[in-house]
Amino acid sequence: TLNARTTLYAIDCGHFITPAFRGNARLGYRMWSTSFKALDELGVKVVLCHDNIAHPLMQFFLALGMKPVGTLFHKVLAP
């Protein structure tokens, strides 16, 4: 059972591929696949990734074997 007390989670904080390299269709897949392997070696059990309203990534994350489980919200608080 996944439990917040005993399960190690990782969440992306954004990702970016410079426009010069976006023509390589497999670059993003290789980047994330490599990340998943490294996170697994660190003991991470759950990876949370966010979709982007301006640049939807749903199909990309589905191709990586991820499944949508909700909507992420954020609010920036004044300093």
Side-chain angles (χ1 to χ4, degrees):
T1 304
L2 299 178
N3 182 304
R5 292 182 187 186
T6 60
T7 303
L8 188 58
Y9 289 76
I11 185 167
D12 73 330
C13 190
H15 46 271
F16 180 81
I17 297 177
T18 189
F21 293 97
R22 290 182 192 164
N24 183 339
R26 303 286 296 172
L27 183 61
Y29 182 84
R30 288 196 327 255
M31 178 181 77
W32 278 98
S33 295
T34 301
S35 297
F36 292 153
K37 289 177 188 171
L39 291 168
D40 183 50
E41 290 172 5
L42 292 172
V44 171
K45 298 297 179 207
V46 178
V47 178
L48 303 169
C49 300
H50 74 282
D51 197 4
N52 187 318
I53 292 173
H55 305 285
L57 297 167
M58 173 76 78
Q59 295 304 315
F60 174 72
F61 285 128
L62 289 173
L64 285 169
M66 303 190 82
K67 66 178 185 175
V69 293
T71 303
L72 179 68
F73 295 89
H74 88 268
K75 179 177 182 174
V76 178
L77 303 177

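- Cluster membership for Leu8 and Val47, using ILVMFWY side-chain heavy atoms within less than 4.5 angstrom, is shared.
- In this structure, the side chains of Leu64 and Phe36 come closer than 4.5 Å at one or more pairs of heavy atoms.
- With rounding to the nearest 0.5 angstrom, the CD1 atom of Ile11 is 5.5 Å from the CG atom of Leu72.
- Side-chain contact between Val46 and Leu48: present, with at least one pair of heavy atoms (C-beta onward) separated by less than 4.5 Å.
- Taking the centre of each ring, His50 and His74 stay at or above the 6.0 Å mark.
- Counting only heavy atoms from C-beta outward, the side chains of Arg30 and Leu27 approach each other to under 4.5 Å.
- Between His15 and Trp32, the closest side-chain pair of non-hydrogen atoms falls below 4.5 Å.
- Follow the hydrophobic side-chain contacts under 4.5 Å out from Val69 and you never reach Leu57; the two are in separate clusters.
- Counting heavy atoms from C-beta on, the side chains of Leu77 and Lys75 come closer than 4.5 Å.
- By the 4.5 Å heavy-atom criterion applied to side chains, Asp51 and Pro68 are not counted as neighbours.
- Met58 and Tyr29 sit in two unconnected hydrophobic clusters of ILVMFWY residues. Membership requires side-chain heavy atoms under 4.5 Å apart, directly or through other members.
- Enclosure of atom CE in Met31 by more than 12 non-hydrogen atoms of other residues, nucleotides or ligands within 6.0 angstrom is indicated.
- Among all heavy-atom pairs drawn from Cys49 and Asp12, the shortest one is CA-OD1, 3.3 Å.
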